[in-house]
Amino acid sequence: MTQRKGEKPTISIQEHMAIDVCPGPIQPIKQISDYFPRYPRGLPPAAPQFAGHVGPLRSALSTSSAAPAAPAAAESERPNEDNPERACAGASASLQAIRRDEEPDVEGYDSDDSTTLGTLEFSLLYDQENNALHCTINKAKGLKPMDHNGLSDPYVKLHLLPGASKANKLRTKTLHNTLNPFWNETLTYYGITDEDMVRKTLRISVCDEDKFRHNEFIGETRIPLKKLKPNQVKNFNNCLEKQLPVNKTEDKSLEERGRIMISLKYNTQKSCLVVGIIRCAHLAAMDANGFSDPYVKTYLKPDENKKSKHKTAVKKKTLNPEFNEEFCYDIKYADLTKKTLEITVWDYDIGKSNDFIGGVSLGINANGERLKHWFDCLKNKDKKIERWHTLTNELPGSLND
């Protein structure tokens, strides 16, 4: 190639690529994983600096001005450069031993250890006069973390056993991002009778609320109501336990669907039985919105003339309706011993059949509180007797809506 006077010398791309690109013997190209070895449980909190790892990385990036004999010297200084696994084998084993000492195995936690699940402070009061059970949820301490941030979004829910269902479930508000929540919230069961206080158990569960997944169970505690004395507050500070099995062998026909307050009075002047439908509490939710549109129907059986049916007004979107309605049945006092009062609660639906919520029967063939209520009415003429009764999913007689 001829060069004119005054022109700068030009270098072809081939000549440029050939200049000073092979200062010495070609070394094998290392993989990035050689400089960042994988540990069995991820990187330790403070991994020690391995000899022979920073050196090779820097030497690979060194300039081409190094002497041809430098690689040979580097080989003697870095005997494990071509085998990084050998360099960190001993360190990895020691790190695993340190990790086992410092971090407990999460899968090895024993749920029976109460310190794992936390404690719950609450108080209970049975108001015998008003047939109410007041449950005050105060606070929890040291709850088990359920979320990735090491915290939980806890809430408390209550059930009465046996017969746990949505009808008798109560729950507190949810407190977010805490393991030591403070609720100070009172939940009340209405229609609790002395019979309930003998045979019922209150189940208190602490759960973690998740927006995009199912809520998670943290722990629970159970209190037999027979431990409570009427009209006296009893305080508890219980360790939470893992979930206990619920008896699945209960008669499904006796599943509780809520409570109803009924008044009975025999009016001697008018020779009639006055039935009062006062209110319902904790009814089963029958609609998709989590509520019901309840109304009540009453029958006095046997009903030869088919004229004993009475019906209350419909209360929209509620599980605790108040009716305060009375119905009068003309009947001789002596005939009451042959009659049965059947009361059913229904959910009103537009354009389709109404849903049966629950029912109860009072009369000579009843038992427990239902029989006692009927006898008290017969013994106390002209006196209104009010009682709470449990609704079950057993349809009285062969009634249809």
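Between the side chains of Tyr299 and Thr340, no donor-acceptor pair is found at a separation under 3.5 Å. There is a side-chain donor-acceptor pair under 3.5 Å between Thr136 and Thr186. With 3.5 Å as the limit, one finds no donor-acceptor pair spanning the side chains of Thr193 and Glu369. Between the side chains of Asp147 and Ser152, no donor-acceptor pair is found at a separation under 3.5 Å. With 3.5 Å as the limit, one finds a donor-acceptor pair spanning the side chains of Asn177 and Asn149.
With hydrogens and angles disregarded, no donor-acceptor distance shorter than 3.5 Å links the side chain of Ser292 to the backbone of Pro294. The main-chain N or O of Asp127 is never found under 3.5 Å from a side-chain atom of Asn231 such that the two would form a donor-acceptor pair. Side-chain atoms of Asn267 come within 3.5 Å of backbone N or O of Lys270 as a donor-acceptor pair. Remark: side-chain polar atoms of Asp347 are paired, donor with acceptor, to backbone N or O of Asp293 under 3.5 angstrom. Judged by distance alone, the side chain of Asp349 and the main-chain N or O of Asn354 form no donor-acceptor pair under 3.5 Å. Judged by distance alone, with hydrogens and angles left aside, the side-chain atoms of Glu325 form a donor-acceptor pair with the main-chain N or O of Ala313 at under 3.5 Å. In this structure, Glu326 contributes its side chain and Val274 its backbone to no donor-acceptor pair below 3.5 Å. A donor-acceptor pair is defined here as one N or O able to donate and one able to accept, closer than 3.5 Å; such a pair exists between the side chain of Asn289 and the backbone of Phe291.
Proximity of Thr119 to Asn238: side-chain heavy atoms (C-beta onward) are nowhere separated by under 4.5 Å. Between Leu362 and His389, the closest side-chain pair of non-hydrogen atoms falls below 4.5 Å. The shortest distance between side-chain heavy atoms of Leu378 and Tyr266 does not fall below 4.5 Å. A 4.5 Å side-chain heavy-atom check between Lys234 and Gln232 finds every atom pair outside the cut-off. By the 4.5 Å heavy-atom criterion applied to side chains, Glu322 and Cys280 are not counted as neighbours. Inter-residue side-chain proximity for Pro181 and Leu143 is flagged as met; some heavy-atom pair is nearer than 4.5 Å. Residues Val156 and Phe122 have side chains not in contact (no heavy-atom distance under 4.5 Å, counting atoms from C-beta outward). Taking the side chain as every heavy atom from C-beta outward, Tyr348 and Lys316 approach each other to under 4.5 Å.
The pair Arg259-Asp196 meets the salt-bridge criterion, since a charged nitrogen lies less than 4.0 angstrom from a carboxylate oxygen. Remark: Glu220 engages Arg203 in a salt bridge, criterion side-chain N to carboxylate O under 4.0 Å. Taking the charged nitrogens against the carboxylate oxygens, Lys372 and Asp376 do have a contact shorter than 4.0 Å, which makes a salt bridge.
For the pair Lys311 and Tyr295, the cation-pi test (distance below 6.0 Å, angle within 45°) is passed. Taking the centre and axis of the six-membered ring of Tyr126, the NZ or CZ atom of Lys229 falls outside the cone set by 45° and 6.0 Å. Cation-pi geometry between Arg279 and Tyr190 is met: under 6.0 angstrom from the ring centre, within 45 degrees of the axis. Because its NZ or CZ atom is not both nearer than 6.0 Å to the ring centre of Trp183 and within 45° of the ring axis, Lys139 does not count as a cation-pi partner of that residue. The cationic group of Lys157 does not satisfy the cation-pi geometry with Tyr155, failing either the under 6.0 Å distance to the six-membered ring centre or the 45° limit from the ring axis.
For the atom pair Ser308 OG and Leu300 CG, the distance stands at 6.0 Å (nearest 0.5 Å). Note that NE2 of His134 is 10.5 Å distant from CD1 of Ile192, once rounded to the nearest 0.5 Å. A distance of 8.0 Å separates CG in Leu240 from CD1 in Ile218, rounded to the nearest 0.5 Å. Here Lys301 contributes atom NZ and Asn365 contributes atom CG; the two are 13.0 Å apart, rounded to the nearest 0.5 Å. Remark: Trp374 CH2 to Ile262 CD1 distance equals 10.5 Å, nearest 0.5 Å. With rounding to the nearest 0.5 angstrom, the CG atom of Asp335 is 12.0 Å from the CG atom of Asp330.
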Run the side-chain hydrogen bond (donor to acceptor under 3.5 Å, both in side chains) test on Thr172 and Glu185 for me, step by step, so that the C-alpha distance in whole Å, both residues' side-chain angles and the decisive distance to 0.1 Å come before the verdict. CA-CA 7 Å; Thr172 67; Glu185 189 172 343; 4.6 Å; no
